Amino acid sequence: MAQQVSAFDAQFLNFETGTNLAHIAALTILDPSGRPGGALTREDLVGLLKRRLHLAPPLRRRLVEVPFGLDHPYWAEDSEVDFDYHVRELALPPPGDDHKLAEQVARLHGSRLDRGRPLWEIYLIHGLAGGRVAIYTKVHHAAVDGVTGAEVLAAVMDFEPEPSAVPGPETVAEPEPAPDAMEMVIRGIGRVIDNPFALLRFVAEAMPRLDEVPFVAQLPGVGLLSRFVRRIGGGDAEPLPELPRMVVPRTPFSGPISRHRRFAFGQLPLDEVKRIKNAFGVTVNDVVMAMCATAMRRWLAKRDELPRQPLVAGIPVSTRGQAGNGTIANEVMLTMTTLPTDVADPGERLLSVNRSMRLLKERLAAAPAAWLLEFSQAMPAALNALAARSAFRIASRTAPAMNLLISNVPGPQTPLYVCGARVTALYPMSVITDVSGGINITVFSYDGKLGFGIVTDRDMVPDVWDLIDYLRDSLAEYGTLAAQREPGTAEPSKPAKQVRPAKPAKPAKAGKPAEQGKTAAPSKPAEQGEPAKRSKLMEPSKAVKPGKAAEQAKAAEQVKAAMPRRTAKAGAEAKGAATSGAGARGAEVTGGPRQEQGAAPRPRRTRKPPEPPSA
């Protein structure tokens, strides 16, 4: 009998609206020059899919809804697939550059899949510059996750230019039909009866983990409640690492999104990322996260929208191998971490990412993040869709659960081919929602490259290509820092300051004794054609009225006597600094004594210009 859509996968169906779309996709760039005739046709692609359809079960499954919405839908397998509908073809107008390709793909990514058919579409795109072609593939997230999506792509690809002969299925089984309407209703009623017990199980298991739940974790007191429950019910179990309370700041890409998308893509060398991770003692994912933090920091700072708090990023985590249930359901859970966009120093930013990710891994190792699956199972199916959409609407208008989504999916590191055309690049595309924010950065590693695919809301982030530029700049910056940390690379040391011998004191002016141990720093000469500026100390003193000279002299002697005496060493350093013309500035920077009356004027201070936003 056909398998039922899992409670977790049903969430991807339930939150979907006209603007919140739940399909994931990939843009594959191909070089067909090695094929006969140097071209790839739609007929070639359809023929390949027909021969290998049994290797990609999600391409044959369609949804069957339960009457009255009493339960989650079922997957039914179609005996035949309408390739005329699912495989389409189009061409870009000249010049067919990457920006034109991204615009076309963004339009395709902004349309919903037809739920009356298997939930996938493929577009063969011609007209790219340099004779290239592209394949845009999108599949609903209820049918595949990031890992199984990569497996579906791999089913139609080869490791050699010559397509391999893939044997057909050993036995041709009849397609699994969905239960009839009466059976689905009976099952649905049984689940409704069991739901109170499922809810109790969820409360017992989820209460200690509420500080992991997006949106709920932002509520005041939730972290304290979770810690209290863990303390009283921990038993002999190891205590869970404490997660910091994450405050999600408002950004230009927070709030309800539109149905229009922007897309940008780019490749970066994986070897360079590995060199950086080795130099800093972190992971490849840490470097990717730090680069994303740098790109977001620069984008926000350019618009004077950089919040003081770090951004909060949603991180999909694969749980494959944990459930062990052998189902076709998604095995990915959503966790959260801070993205240190508030850290100015790039090196410290990377180390901050490493600390946050290590804490998250320790938490997941102690207890896998299955809260969303448990919550989905506890919610009655009849209320699931309404609850999901209501939660999305409330969260997007009050406090967003996160600022953006970042995902890193590992892929094959050897060249792949489609119908003999070499795959030169693979760029992933994923989901943006009202709750997760208007930016999604997904990374897929392939053949020594990291392929970045950035999907944004068109109105919130119209200049999405700037983020690709900032990622490249960040990699170059971290490469420079890594070179300074690599063994055998000595950091350039600053030359020691030379202390010049003190000049002999000048003879005292008439009527005024010279101060012992005090030399005047030479004044800065005036620029040519400009009269020298004179400070108040350089102006001629006013005449002192008779009878007040003695009082002023006595007061000066008292002030001098009250000032602390400098040691001989400090006096010598002050002399040397004064003779080099930097004594006054050195005292100013290090917090030294203020300039005494009668000494040479120190240079006018100018405010240090603000540093540009650091990577």
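Because the structure is predicted, anything quoted here is derived from the model rather than measured.
Here Asn20 contributes atom CG and Asn14 contributes atom CG; the two are 12.5 Å apart, rounded to the nearest 0.5 Å. To the nearest 0.5 angstrom, Asn440 atom CG is 8.0 Å from Ile432 atom CD1. Expressed to the nearest 0.5 Å, how far OG1 of Thr137 lies from CG of Leu27 amounts to 8.5 Å. Atom-to-atom distance recorded for Glu103:CD and Asp98:CG is 11.5 Å, nearest 0.5 angstrom. Atom CG of residue Leu53 and atom CD of residue Glu80 lie 10.5 Å apart, to the nearest 0.5 angstrom. Note that OG1 of Thr251 is 8.0 Å distant from CE of Met460, once rounded to the nearest 0.5 Å.
Nearest approach of Asp114 to Leu119, heavy atoms of both residues: O-CD2, 3.4 Å. Smallest separation of non-hydrogen atoms from Ala279 and Glu486: CB-CG, 4.3 Å. The minimum heavy-atom distance linking Leu55 with Ala155 is given by the pair CB-CB, 3.9 Å. For Met246 against Met336, the heavy-atom pair with the smallest separation is CE-O, 3.5 Å. Minimum interatomic distance between Val431 and Leu21 (heavy atoms only, all atoms of both residues): CG1-O, 3.3 Å. Pairing each heavy atom of Ser164 with each of Arg52, the nearest pair is O-NH2, 3.0 Å.
When His23, His141, Gln11, Arg115 are each tested for a side-chain hydrogen bond (donor to acceptor under 3.5 Å, both in side chains) with Glu16, only one passes: Arg115.
When the side-chain hydrogen bond (donor to acceptor under 3.5 Å, both in side chains) test is applied to Tyr123, the partners found at least two apart in sequence or on another chain are Arg88, Glu121.
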Pair Glu77-Arg60, salt bridge (charged side-chain N to carboxylate O under 4.0 Å, His left out): steps then yes or no = CA-CA 5 Å; Glu77 292 188 3; Arg60 293 180 286 125; 3.2 Å; yes
Can Glu348 and Arg355 be said to form a salt bridge (charged side-chain N to carboxylate O under 4.0 Å, His left out), step by step?
-> CA-CA 10 Å; Glu348 179 56 34; Arg355 290 190 293 268; 2.5 Å; yes
Tell me, with the steps shown, if Leu339 and Val312 meet side-chain contact (heavy atoms from CB on, under 4.5 Å).
-> CA-CA 6 Å; Leu339 196 67; Val312 176; over 6 Å; no
Pair His126-Leu92, side-chain contact (heavy atoms from CB on, under 4.5 Å): steps then yes or no = CA-CA 6 Å; His126 301 282; Leu92 296 178; over 6 Å; no
Go through the steps for Asp97 and Lys100 under the test salt bridge (charged side-chain N to carboxylate O under 4.0 Å, His left out), then give the verdict.
-> CA-CA 5 Å; Asp97 56 19; Lys100 291 294 184 183; over 6 Å; no
Taking it one step at a time, do Asp44 and Arg35 satisfy salt bridge (charged side-chain N to carboxylate O under 4.0 Å, His left out)?
-> CA-CA 11 Å; Asp44 296 328; Arg35 281 183 47 81; 2.7 Å; yes
For side-chain contact (heavy atoms from CB on, under 4.5 Å), just list the numbers for Leu59 and His86, CA-CA rounded to whole Å, side-chain angles, deciding distance to a tenth of an Å, and then say yes or no.
-> CA-CA 10 Å; Leu59 302 186; His86 288 281; over 6 Å; no
With side-chain contact (heavy atoms from CB on, under 4.5 Å) as the test, would you mind laying out the steps for Leu101 and Ile125 before giving the verdict?
-> CA-CA 9 Å; Leu101 174 61; Ile125 305 174; 4.0 Å; yes
Quick one: side chains of residues 416-429, donor-acceptor pairs under 3.5 Å with protein atoms, not counting sequence neighbours, listed by atom name and distance.
| unit_1 | atom_1 | unit_2 | atom_2 | d |
| --- | --- | --- | --- | --- |
| Arg422 | NH2 | Asp447 | OD2 | 3.2 |
| Thr424 | OG1 | Ile29 | O | 3.2 |

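Side-chain contact check for Asn354 and Ser356: no donor-acceptor pair (N or O, by modelled atom type) lies under 3.5 Å. For Ser33 and Asp31, the side-chain atoms include at least one donor-acceptor pair closer than 3.5 Å. For the residue pair Trp465/His99, the side-chain donor-acceptor check at 3.5 Å is satisfied.
Aromatic rings from Phe263 and Phe265 are positioned such that their centres are separated by under 6.0 Å. Ring to ring, Trp120 and His140 are not that close: their centroids are 6.0 angstrom or more apart.
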